[in-house]
Amino acid sequence: MTFEEIQKIIEQMLAVQRELQNGQEQLQERQEQLQERQEKLQEGQEEFKERQEKLQAAQERHERILDRHERVLERQERILDGLISYSFRSESAQFDLEEQLAALQRRVNRIENQADGS
């Protein structure tokens, strides 16, 4: 083998070595990028989980508030029903009193008429 042939083989070997080194550097860069993406994804998942937990807590608070409002509304309905019932009874009693008063007034008038006629 001549010197030129050996030199050419060495140059080819160096070229292959440079290509391998470049390929390894690119692979390492890609692995680093992938690692960064995985870290960002994990951070995003943690943020999502925190938001989900906050949302669930807010929903539970909202449900408790709705339950409280529902109980208040039911109580108000019972009170209103009682007031309406009382109002009807009161009006009925008032009509009875007015009828009794009218009857009493008629009796007084009759007695006065009898007294005037005698």
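- Other residues, nucleotides and ligands place more than 12 heavy atoms under 6.0 Å from the CD atom of Glu98.
- In this structure, CD on Glu25 lies 11.0 Å from CG on Leu20, to the nearest 0.5 angstrom.
- Here the rule is side-chain contact (heavy atoms from CB on, under 4.5 Å) with Glu5, and of Gln7, Met1, Lys8 only Met1 fits it.
- Looking at heavy atoms from C-beta onward, Gln76 lies out of side-chain contact with Leu80 at the 4.5 angstrom threshold.
- Considering CD of Glu63 and CD of Glu70, their distance stands at 11.5 Å, rounded to 0.5 Å.
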Handout entry: CA sep, side-chain torsions, deciding dist, call: Arg106, Asn109, side-chain contact (heavy atoms from CB on, under 4.5 Å)
Key = CA-CA 5 Å; Arg106 285 191 301 271; Asn109 288 340; 5.6 Å; no
Exercise for the section: Give the intermediate values and the outcome of side-chain contact (heavy atoms from CB on, under 4.5 Å) for residues Leu55 and Gln52. Expected result: CA-CA 5 Å; Leu55 177 62; Gln52 198 172 25; 5.6 Å; no
Exercise for the section: Apply side-chain contact (heavy atoms from CB on, under 4.5 Å) to the pair Gln17 and Leu14, showing each step before the final yes or no. Expected result: CA-CA 5 Å; Gln17 186 178 9; Leu14 288 173; 3.8 Å; yes
Practice task
List the steps, then state whether side-chain contact (heavy atoms from CB on, under 4.5 Å) holds for Met13 with Ile9.
Solution key: CA-CA 6 Å; Met13 290 174 66; Ile9 291 174; 3.9 Å; yes
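- At a threshold of 4.5 Å between non-hydrogen side-chain atoms, the residues Arg68 and Ile65 count as touching.
- To the nearest 0.5 Å, the span separating CD on Glu112 from CD on Gln114 amounts to 11.0 Å.
- Enclosure of atom CD in Gln28 is not indicated, since only 12 or fewer non-hydrogen atoms of other residues, nucleotides or ligands lie within 6.0 angstrom.
- Note that the CD atom of Glu47 and the NZ atom of Lys40 stand 12.0 Å from one another [nearest 0.5 Å].
- In this structure, the separation between CG on Leu73 and CZ on Arg75 is 11.5 Å, given to the nearest 0.5 Å.
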